Amino acid sequence: MTVYMDNNATTSLRKEALDAMIPYYTDIYGNASSKFYKIGRDAEQALYKMRENVAKSIGAANVNEIYFTSSGCEADNWAIKGAAFANQAKGNHIITTKIEHHAILNACEYLEKHGFEVTYLDVDEYGCVSAEAVEKAITDKTILISVMTANNEIGTIEPIKEISEVAKRHKIIFHTDAVQAVGHMPVNVQETGVDMLSLSAHKFHGPKGAGVLYIRNGVRIDNLIHGGGQERGKRAATENLAGIAGLDKALELAVAELGKNTAHMKKMRDRLIEGIKKNIPYCRLNGPEDERRLCNNVNFSFQYVEGESILMMLDMKGVAASSGSACASGSLDPSHVLLAIGLPHEIAHGSLRLSVSEDTTAEEVDYIIEVLPPIIQRLRDMSPLYEGVAKGDK
Ligand SMILES: *Cc1c(COP(=O)(O)O)cnc(C)c1O
């Protein structure tokens, strides 16, 4: 049996999205900037329709507020660096959190080397940042606030609307990384009032290499990619029409099916959480255990074991999972998110992220609950730390 449980890392491409992409590889291969012949104009018109549809899907008031990018990482980098450099005359202070994706954290670190000052806010034990903490951190030099809508490692949903109101009150640009949120909870830029929002197609069953940065009209932001006049002169590069078509179709369906899909994912998530808690001692669920948890995320720490060893043994059983985030694997540091919620290093090291999708079945969940306990037990049996525990010492 093979079970894919790493949907926070990426998802499968859904059939409808693939079907929507094919024509742009075969028939409509024109450059959307070539206006003097039909095949170019066809591409341009298709692009306009897709932009319009994406705007509708996230509740944007204006089609011109949608900018297509190559990824979530690009959208995040553009938002942070673009807004920082464009608003430098007003101030040099940025507020973000300790649990952001590395696309945000490393972009902020880069800006620190270029004269900007960044406040990385603490989160509580569940990974929540409060609007009050954001407000307290504001100075007369603050030009940008960036807080993610939902965390990719432990699934915490942040109070984006409240933070957005704080930002608005202080007339500061507010960006949110909604890459994990889209397709997994309602995302509407009018309702939350955010100024900029990042999303990425491959996290909701669209293709890899296609993202969006929503930029509210009136927000000043410098270019990240210089060159031609695409994306209304804000982002050079010939548009990835097939990718955008897949993004658009996957997004449209994710929004249409949101209620049904999130209900199913929550069921699978909770079945997994209950099963693990019941069958494995000395474990801890990371992230909130209420409506503030993303519908598809499960993250546990198991004492006395190494996350990477769990992954290898799960792989032998056909299970794809993650320890922390895919970007962080390969490094020996424990996840910055798990450290930020206060886990000691040795416990953060023994963590496992299992993330379900709308396609996950109860049989797959039950298979994990069957194979995981003996894996943890085997690893603990090899651990000198656990030996004492098993014998009943402190
Ligand atoms: C996956 C992810 C990204 C990066 O998106 P890519 O399209 O893979 O570059 C950014 N932020 C979060 C929260 C993510 O989960």
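None of these values were measured; they are calculated from a predicted model. Just so you know, ligand 1 is whichever comes first in the structure, and atom 1 is the first atom listed for that ligand. Side-chain atoms are counted along with the backbone in the values below, which use heavy atoms only and exclude waters and symmetry mates.
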Any N/O pair Cys73/ligand 1 closer than 3.5 Å: yes
So, is the end of the Arg284 side chain (NZ or CZ) under 6.0 Å from the ring centre of Phe300 and within 45° of the ring's axis? no
Under 6.0 Å between ring centres: does that hold for Phe116 and Phe85? yes
Taking Val255 as the starting point, is it possible to reach Val189 by hopping between hydrophobic residues whose side chains are less than 4.5 Å apart? yes
Around atom CD of Glu346, are there more than 12 heavy atoms from other residues, nucleotides or ligands closer than 6.0 Å? yes
Hey, looking at atom 7 (O) of ligand 1, which of Ala9, Ser200, Ala75, Ser70 has the closest heavy atom? Ser200
Near Met148, which atoms of ligand 1 are under 4.0 Å from a heavy atom of that residue? 13 (C)
Looking at atom 11 (N) of ligand 1, what's its closest protein heavy atom, distance included? Asp177 OD2, 2.7 Å
Is there a salt bridge (charged side-chain N to carboxylate O under 4.0 Å, His left out) between Glu44 and Arg41 once you walk through the steps? CA-CA 5 Å; Glu44 187 199 12; Arg41 287 192 300 273; over 6 Å; no
Would you call the rings of His114 and Tyr110 parallel, tilted or perpendicular, taking 30° and 60° as the class edges? tilted
Under 4.0 Å from any heavy atom of Asp76, which atoms of ligand 1 are there? 10 (C), 11 (N)
So which heavy atom in the protein is nearest atom 3 (C) of ligand 1, and how far is it from that ligand atom? His101 NE2, 3.5 Å
Would you say Ile99 and Ile94 are hydrophobically clustered, going by side-chain heavy atoms of ILVMFWY under 4.5 Å? no
Pull out every atom of ligand 1 sitting under 4.0 Å from any heavy atom of Ser71, numbered as shown with elements. 7 (O), 9 (O)
Distance from atom 5 (O) of ligand 1 to nearest protein heavy atom, with residue and atom: Gly72 CA, 3.4 Å
For the residue pair Arg380 and Tyr386, would you count it as a cation-pi contact if the rule is NZ or CZ under 6.0 angstrom from the ring centre and within 45 degrees of the ring axis? yes
Give yes or no for whether the N/O distance cutoff of 3.5 Å, strictly under, is met between Asn152 and ligand 1. no
Proximity of Asn151 to ligand 1 by residue part, where a heavy atom lies under 4.0 Å: neither
Please check this pair: side chain of Asn279 against backbone of Pro373, looking for a donor-acceptor N/O pair closer than 3.5 Å. no
Residue, atom and distance of the protein heavy atom nearest atom 8 (O) of ligand 1 read His202 NE2, 2.8 Å
List every atom of ligand 1 that sits less than 4.0 Å from any heavy atom of Val179, numbering the atoms from 1 in the order shown and giving each element. 1 (C), 2 (C), 3 (C), 10 (C), 11 (N), 12 (C), 14 (C), 15 (O)
Give me the residue, atom name and distance of the protein heavy atom closest to atom 1 (C) of ligand 1. Lys203 NZ, 1.4 Å
